[in-house]
There are 2 protein chains.
Amino acid sequence: MTLNVVALTVDLVLLTIRREALQVLLIRRGIPPYQDRWALPGGFVLDDEDLDAAAARELREETGLDPERGHLEQLATYGGPGRDPRGRVVTVAYLALLPDLPAPVPGSDAAVAAWRPVGETGELAFDHDRILADGLERARSRLEYTPLATRFCAPEFTVADLRTVYETVWRTRLDPRNFHRKVTGADGFIEPTGGTVIRDRGRPAQLYRRGPATHLHPPLLRQSPGSPSR
Amino acid sequence: MTLNVVALTVDLVLLTIRREALQVLLIRRGIPPYQDRWALPGGFVLDDEDLDAAAARELREETGLDPERGHLEQLATYGGPGRDPRGRVVTVAYLALLPDLPAPVPGSDAAVAAWRPVGETGELAFDHDRILADGLERARSRLEYTPLATRFCAPEFTVADLRTVYETVWRTRLDPRNFHRKVTGADGFIEPTGGTVIRDRGRPAQLYRRGPATHLHPPLLRQSPGSPSR
DNA sequence: CCAAAAGTGTTTTATGTACACCCATGA
DNA sequence: TCATGGGTGTACATAAAACACTTTTGG
């Protein structure tokens, strides 16, 4: 049998909401292959390092964020023999949903890093266009069946903040009144903190933190079940 | 940096329905580690072989089945440093939903292979208990949102056959009348062939083949949305 | 004729949607 | 007091659950 060892990396699809847009963190490559092209952040898995740990380490290196503050999950693994011209490199992609980082967001080390709206990424290096597309679809789906939308928010947030997350990720408008009822009624989704804020004008909004639920019952469906047949 | 090359394998969670039970294909290991323990089938990814191709090849080797007849999808990747005592072995797990194979099902090569009900597998080798559990959960979820339940059936099947799939995988009872309406009403799920069969007694049942849909709208939910809160 | 399984129709109940309406604040 | 956004109540449409009932076969 031929040698079947491969180089192993993790690549990260880091998503956040900045300036009313869904954005992804990209790194400008300084060396070939794909020099000067944008790519997803990532790096090699170390010896004796678990895959999840490698992804968490990369997340911390790239953003400075404590992995606990966001959500990090394995997305899929990409291992086509031609995906890296240097040789056989298999990458385990991870998806992260992160709050808008107020601090020194990108460029912790030398490489150039930047948040870019997901629709304006150009052509990425390697097969990263495909990985990003898979990550976006996963993120949109996660918002339907899980309470992970709160991971895009600050620790305390209003129902309107949460609705903005849904509207941004799904690229739709949602009825504020029905949305309010749904999320406050879904068991364990969000919990009131007792505080209020006034964002612009208008009546003060209640503040919430994320609740203990891991799944949404019932789900918030992107497309109303009856509408496709009409 | 230390050497970060790893050995890469694919492992398969092959599911089928035999004798009214959800069963998984297992291989009895003939060599250490975990000698004489049951394990998921799998093997090394070859040089210049895509991951999906490696999984399809293993599926064909283990079952003799044309991968086109079933459904094969990537499940997740497991790469904890201690998962294989021989060294760093990362495995990409795949999930397959297969029809009941009438032919020489297991044991295409020397190793002992057998279908076993998913609840009676004992303790599997490596981290295969975890992989199997993840595969089962994925399969149960797939039946809600996709028409993949038909992959457990023969090319032509009755609505009752399809209902048995759901009841077996979900371990529930479903109302035959409402189930009939749902699946015949879901767009692109199943298509009548024109033929009929009499299985035991009773009125002949229409025969169907699987339709072109890739997703179910609306989904068939395991748990009625309102029931958990009551 | 009876039992059994397939399939249809109807009632009841729950859920989603649309929207009128009130509340609490800044200007 | 007006504009603005937060939040509640309610009528209507739609879909699911429960189940009575008809159809079509074998024995």
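By convention in this document, chain letters (A, B, ...) are assigned in the order of the sequence lines, proteins followed by strands, and residues within each chain are numbered from 1. All heavy atoms count here, side chains included; hydrogens, waters and symmetry mates do not.
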Undergrad: Between P on C/dG7 and CG on B/Asp161, what's the gap in Å once rounded to a whole number?
TA: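 So the CG-P distance, B/Asp161 to C/dG7, works out to 11 Å.
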Undergrad: In whole Å, I'd like the distance from the CG atom of B/Leu221 to the C1' atom of C/dG16.
TA: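 Between C1' of C/dG16 and CG of B/Leu221: 14 Å.
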Undergrad: Short of 4.0 Å, heavy atom to strand atom, which residues of residues 172-191 of chain B count as contacting DNA chain D?
TA: B/Asp175, B/Arg177, B/Asn178, B/Arg181, B/Lys182
Undergrad: Rounding to an integer number of Å, can you tell me how far A/Arg163 CZ sits from D/dG5 P?
TA: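 Distance check: A/Arg163 CZ to D/dG5 P gives 10 Å.
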Undergrad: Would you find a donor on one side and an acceptor on the other, under 3.5 Å apart, between the side chain of A/Thr168 and the backbone of A/Leu22?
TA: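 Answer holds: no.
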Undergrad: Base contacts versus sugar-phosphate-only contacts with protein, heavy atoms under 4.0 Å: please encode nucleotides 22-27 of chain D as B, S and - from 5' to 3'.
TA: -BBB--
Undergrad: Take the protein atom CZ of B/Arg222 and the nucleotide atom C1' of D/dA16, then report the distance between them rounded to whole Å.
TA: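 For the pair B/Arg222 CZ and D/dA16 C1', the rounded distance is 18 Å.
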Undergrad: Would you please say whether a donor-acceptor pair under 3.5 Å links the side chains of B/Thr158 and B/Asp161?
TA: yes
Undergrad: When the distance from NE2 of A/His217 to P of C/dG16 is rounded to whole Å, what number comes out?
TA: 13 Å
Undergrad: Under a 3.5 Å distance rule, please check whether A/His128 uses its side chain to pair with a backbone N or O of A/Leu40 as donor and acceptor.
TA: yes
Undergrad: Roughly, in whole Å, what's the span from CD in A/Gln206 to C1' in C/dT25?
TA: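 After rounding, the reported distance stands at 14 Å.
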Undergrad: Figure out the CG/C1' separation between A/Leu162 and D/dG6, and round it to whole Å.
TA: 15 Å
Undergrad: Students often mix this up, so state it plainly: with edges at 30° and 60°, are the rings of B/Tyr166 and B/Phe189 parallel, tilted or perpendicular?
TA: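 B/Tyr166 and B/Phe189: perpendicular rings.
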Undergrad: Tell me whether the count of non-hydrogen atoms from other residues, nucleotides or ligands lying under 6.0 Å of CG in A/Asp187 goes above 12.
TA: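 No.
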Undergrad: Could you tell me whether A/Arg130 and A/Asp134 have a side-chain N and a carboxylate O separated by less than 4.0 Å?
TA: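 A salt bridge links A/Arg130 with A/Asp134.
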Undergrad: Run the salt-bridge test on A/Arg140 and A/Glu144 with the 4.0 Å N-O cut-off and return the result as yes or no.
TA: no
Undergrad: Considering the options B/Leu75, B/Leu136, B/Leu25, which one meets the side chain to side chain contact (heavy atoms under 4.5 Å, CB included) requirement together with B/Val13?
TA: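 So the option named by the test is B/Leu75.
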